[in-house]
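Below: the structure, in structure tokens.
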Amino acid sequence: GAVVSQHPSWVICKSGTSVKIECRSLDFQATTMFWYRQFPKQSLMLMATSNEGSKATYEQGVEKDKFLINHASLTLSTLTVTSAHPEDSSFYICSASWAGASGMTDTQYFGPGTRLTVL
Amino acid sequence: GEDVEQSLFLSVREGDSSVINCTYTDSSSTYLYWYKQEPGAGLQLLTYIFSNMDMKQDQRLTVLLNKKDKHLSLRIADTQTGDSAIYFCAERVGTALIFGKGTTLSVSS
């Protein structure tokens, strides 16, 4: 149980284009989804937290107009990197959690990640 | 602020035990987690411990928590080559997870 998928797993795009990454919880309803960014050999940096049906909460320093997050349903959140530039190249990982599961309240389950390369 | 520290590398021989250590700073942490990341992949939840517990064992994995010293460790018994990966310690503060930089475990046969 508690499987999270991401699509695509790998994307290359030209500078100036927008890229959408999907995060799905496959066998549970995620009340909260998180988006992280990971640089090579670095830890995960939380970008934003989103609850279904409400606006995402962005961490300090993360541009909300650059990284658009939509959490339209309890099983799907999307991250759109708008007008991507080479410095946006990174590994983007989402996670999903649900409240109230006995003994595992709010544990985050992670997707496999999406490698974005901007040329 | 919150900070989670881990040693960066650990090298062991197959069959030995591995111990990965982690320290954290926020005493209000509710849960502490260990995640495993293989190359090019996302994070796999290995185990977690509630902050009022001292120890948790799950098959080959043993988690020890010293809340007074804010020290967490993960012991992997009978380490196998398939255990080679990066291991992240994370503390949960509110709804956020604060991650360490990860410990790269290398297992030689």
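Numbers restart at 1 for each chain; the letters A, B, ... are given by sequence-line order, proteins then strands.
Summarising the geometry of A/Tyr58 relative to A/Glu63, their closest heavy-atom pair is CE2-O, 4.5 Å, with the distance given to 0.1 Å.
A/Glu59 does not touch chain B: none of its heavy atoms, backbone or side chain, sits under 4.5 Å away. For a residue to count as touching a neighbouring chain, one of its non-hydrogen atoms must lie under 4.5 Å from one of that chain's; by this rule B/Tyr35 touches chain A with the side chain only. The contact between B/Gln37 and chain A is made entirely by side chain atoms (from C-beta outward), counting heavy-atom distances below 4.5 Å.
Aromatic ring orientation, A/Tyr36 versus B/Phe99: perpendicular (interplanar angle above 60°, classes split at 30° and 60°).
Between B/Trp34 and B/Ile20, some side-chain heavy-atom pair lies under the 4.5 Å cut-off.
At distances below 3.5 Å, not a single donor-acceptor pair connects side-chain atoms of A/Glu22 with backbone N or O atoms of A/Leu79.
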